[in-house]
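In what follows, a structure is listed as C-alpha cells, so that the remarks can point back to it.
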Amino acid sequence: MPVGTIGSVKTMSPKELIEDTQAQIILGNTYHLYMRPGHELIKKFGGLHKFIGWDRPILTDSGGFQVMSLAGLRKITKDGVKFQSHLDGSYHMFTPEKAIEVQNAIGADIIMSFDECPPYPASKDYVAKSLKTTLEWAKRGKDFHKNTDKQALFGIVQGGIHKDLREESAKALMEMDFPGYSIGGLAVGEEKQDMFAVTEFLNPILPQDKPRYLMGVGTPSDILKNIANGVDMFDCVMPTRNARKGTIFTRNGKLIIKAGRYKADPRPIDEECTCYACRNFSRAYIRHLFNAGEILGLRLATIHSLHFYLELVGMARKAIFEDRYQEFMDEMIPKLDSLMK
RNA sequence: GGAGAGGUUCCCGAGUGGUCAAAGGGAACAGACUGUAAAUCUGUCGGCGAAGCCUUCGGAGGUUCAAAUCCUCCUCUCUCCA
C-alpha cells in the first residue's frame, strides 16, 4: 500500500498511481488529516475518496505512529494523548474515541485502532504498560465504532520484541474479534532478526481467515520474508521517500541515481522493468533531473519504485499460488537489498 | 594616454604578519532513510599511512624568526576619464 499521509502519495496523481504503479489501495493518516485540512472539511467534501479524487480503497492509520514520531510534542495519559500540533503549536486531545470519530469522518475503508507505538529501545516494563493501555484503547475504539459495514476497524498487536507480550496482545485483541489484525511497533530500530521472530511467532496465533497487516514495513526483502511469516498487507514510505531522495529500488538492488557512475549511463533504471520511467528514460537523464532539482526526477523515481514494489508482491502472490514461494525468495532476496554499483 | 580596483584551493568568495591547508556558499563525490514534521539529512572534498611532514593563495625577487597578508618589478583582468 503506497503511503499518502496527508491525502497525497507524494508526487503522484491518482491517475498515475492507477495506470503507472497499479496501486489498489493507499494510506492516509488520521493525525495529519485532522490537523490539516481537518476531518470536518473532508467530511463536507463527501469523504477522503472524493476529496482527493481516488475511488479505490483507502486505509487510514490512527495517529498511533505519531505518538512515537512526534514524541517531543505529545503527552500520553491513560485517557489518550495530548498532541501539540507540529504545524502551529496548538494543543489537541486524541482519545481512542476521537481517533475513530475522525476516521469515520475521513471515511477510509479500513481504519486503525488508536495505539501507542512504543519506541525502541524501551524497557519491557514500559512496553507491557503501554500494551495494556493500547488494549484498553482498542476496546474503547471498537465500542465507539458504529460504521462497521463500510469501515473495517483493525486492532493493533503491540508488545515490542517480547513474545509473551505479543501473544498476550494478539489473544486479547482476538477476544474482541476484529475483522483484521495489524502488527505494529516493528521496524522502529530493533534488529531485523527480532522483527522476523515476532511475525514468525504470531503467524500460528493470529486467525487464518483474517488479514494481517504489518505496519510500516519495509524494504523489499523485509516484505518477502514477512510474507513467508503469514503477513498479508504492508505499507511503507520507503519506495516513495527514498525515491524522492534518489535511492531507487530494483530487482537487482538499490540504485542511487545521483551517483557519478550513472552520469552517462544510457540504460533504464531496470532493464527488465516495464514501468513508464524505465520504458522511456535513461539513468543519465533521471540523474540529470535529480542533480538539476527537477521535479520530474522525483516523479519518475517514485513511479518506478512503486511499480517495482507492487510488481514484487504480485510475483510473490503468484509464487505462492504456484507453491514455489521458498524458491522464489531464495532467488530474489540475495539481490534485493544489495547496492547496485 | 590618465585615474582607480583587483587576481585566493574545481567555481564564487572571506581572509590584510603567526591561532591558515586557508571561513562561508556552490559544484562534485559517497552514503543514510521502514504505520512520512522528510524534493531531507550526514560525511568527504591539495598530497602522503596517523602524530607529523610536503606543496599551495597571478609570476619573479625581497623584508622578517615567521608572508595569502609588507616592499619592488613584471603580468593579466575590470571600472571610470580622455
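Each chain gets a letter, A, B and so on, in the order the sequences are listed, and its residues count up from 1.
- In terms of position along RNA chain B, the nucleotide closest to K263(A) lies nearer the 5' end than the nucleotide closest to the other residue of the pair A187(A) and K263(A).
- Within 4.0 Å (heavy atoms only), I156(A) reaches at least one base atom of the nucleic acid.
- With respect to the salt-bridge test (charged N to carboxylate O, under 4.0 angstrom), the residues K192(A) and D222(A) qualify.
- In this structure, M238(A) atom CE and C33(B) atom P are separated by 5 Å, rounded to whole Å.
- The nucleotide C65(B) finds its pairing partner in G18(B), both defining distances of the Watson-Crick or G-U wobble pair being shorter than 3.5 Å.
- Residue Q66(A) has a polar side-chain atom (N or O) positioned under 4.0 Å from OP1 or OP2 of U36(B).
- Checking A3(B) for Watson-Crick or G-U wobble geometry (two distances, each under 3.5 Å) identifies U79(B) as its partner.
- Across the C1' atoms, G61(B) and A51(B) are found 36 Å apart, a figure rounded to whole Å.
- The 12-atom threshold is not exceeded at CZ of R317(A), counting heavy atoms of other residues, nucleotides or ligands nearer than 6.0 Å.
- Checked for salt-bridge contact, K171(A) and E167(A) meet the test: a charged N lies under 4.0 Å from a carboxylate O.
- For the C1' atoms, the distance from C12(B) to A37(B) is 34 Å, rounded to whole Å.
- In this structure, A66(B) is classed as anti because its glycosidic torsion departs from zero by more than 90°.
- One P atom belongs to G43(B), the other to G24(B), and the distance between them is 12 Å to the nearest Å.
- Of the candidates A38(B), A37(B), C33(B), A38(B) carries the atom nearest the R244(A) side chain, counting heavy atoms from C-beta on.
- Comparing G4(B) with C74(B), their P atoms sit 16 Å apart, to the nearest whole Å.
- Nucleic acid contact for T11(A): none, since no nucleic acid atom lies under 4.0 Å from a heavy atom of the residue.
- Between K142(A) and L153(A), the shortest heavy-atom distance links the atoms CA-CD2, 3.6 Å.
- A salt bridge links R251(A) to D270(A): one of the charged nitrogens lies within less than 4.0 Å of a carboxylate oxygen.
- Taking the charged nitrogens against the carboxylate oxygens, K124(A) and D164(A) do have a contact shorter than 4.0 Å, which makes a salt bridge.
- As the counterpart of G24(B), C12(B) is assigned, both hydrogen-bonding distances of the Watson-Crick or G-U wobble pattern falling under 3.5 Å.
- Straight-line distance between the C1' atoms of G49(B) and U16(B): roughly 36 Å, to the nearest whole Å.
- Listed nucleotides C33(B), G35(B), U34(B) differ in distance to Y213(A); the shortest reach to its side chain belongs to G35(B).
- Between K139(A) and D143(A) there is a salt bridge, with a side-chain nitrogen of the basic residue lying less than 4.0 Å from a carboxylate oxygen of the acidic one.
- Here A32(B) presents its P atom at 11 Å from CG of D337(A), a figure rounded to the nearest Å.
- For I295(A), counting side-chain heavy atoms from C-beta on, the closest listed nucleotide (G35(B), A39(B), U34(B)) is A39(B).
- You'll find that the side chain of I256(A) is closest to A32(B), out of A32(B), A37(B), A30(B).
- Residue side chain K245(A) reaches the base of A38(B) through a donor-acceptor N/O pair under 3.5 Å, judged by distance alone.
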(request) Could you go through the side chain to side chain contact (heavy atoms under 4.5 Å, CB included) check for I42(A) and I52(A) one step at a time? (result) CA-CA 9 Å; I42(A) 292 170; I52(A) 70 172; over 6 Å; no
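- Regarding L70(A), its CG atom lies at a distance of 12 Å from the C1' atom of A38(B), rounded to whole Å.
- Here the separation of A32(B) from U36(B), taken at their P atoms, is 22 Å to the nearest Å.
- The pairing partner recorded for C41(B) is G31(B), the criterion being a Watson-Crick or G-U wobble arrangement whose two distances lie under 3.5 angstrom.
- In terms of polar N and O atoms assigned as donor or acceptor, the side chain of S69(A) never comes within less than 3.5 Å of the base of U36(B) in a complementary pairing.
- Rounded to a whole angstrom, the distance from the P atom of A82(B) to that of G6(B) is 24 Å.
- Checking U36(B), C29(B), U34(B) against the side-chain heavy atoms of N291(A) singles out C29(B) as nearest.
- D235(A) comes within 4.0 angstrom of the backbone, heavy atoms only, and of no base.
- At a threshold of 4.0 angstrom between heavy atoms, the contacts of R261(A) are confined to the sugar-phosphate backbone, with no base atom among them.
- Counting to the nearest Å, the P atom of G31(B) and the CG atom of L339(A) are 5 Å from each other.
- Residue contacts for G185(A): at a heavy-atom cut-off of 4.0 Å it reaches a base atom on one of the strands shown.
- Taking atom CG of residue L33(A) and atom P of nucleotide U36(B), one finds them 10 Å apart after rounding to whole Å.
- Distance I257(A) CD1 to C33(B) P: 18 Å, rounded to the nearest Å.
- Rounded to a whole angstrom, the distance from the P atom of U9(B) to that of A22(B) is 15 Å.
- Residue T240(A) is classed as a base contact, given a heavy-atom separation below 4.0 Å to a base.
- Among the protein residues, R287(A) comes within range of the sugar-phosphate backbone only, with heavy atoms under 4.0 Å from sugar or phosphate atoms but none that close to a base.
- Side chains of Y31(A) and H86(A): a donor on one and an acceptor on the other come within 3.5 Å.
- Neither OP1 nor OP2 of G31(B) sits under 4.0 Å from any side-chain N or O of K258(A).
- Within the nucleic acid shown, Q158(A) comes within 4.0 Å of at least one base atom, counting heavy atoms only.
- For the pair Y309(A) OH and C33(B) P, the computed distance is 11 Å after rounding to whole Å.
- Which of A32(B), U36(B), U34(B) sits closest to the side chain of D61(A) comes down to U36(B).
- Here A37(B) presents its C1' atom at 11 Å from CG of N29(A), a figure rounded to the nearest Å.
- The partner of A60(B) is U72(B), judged by Watson-Crick or G-U wobble contacts that both fall below 3.5 Å.
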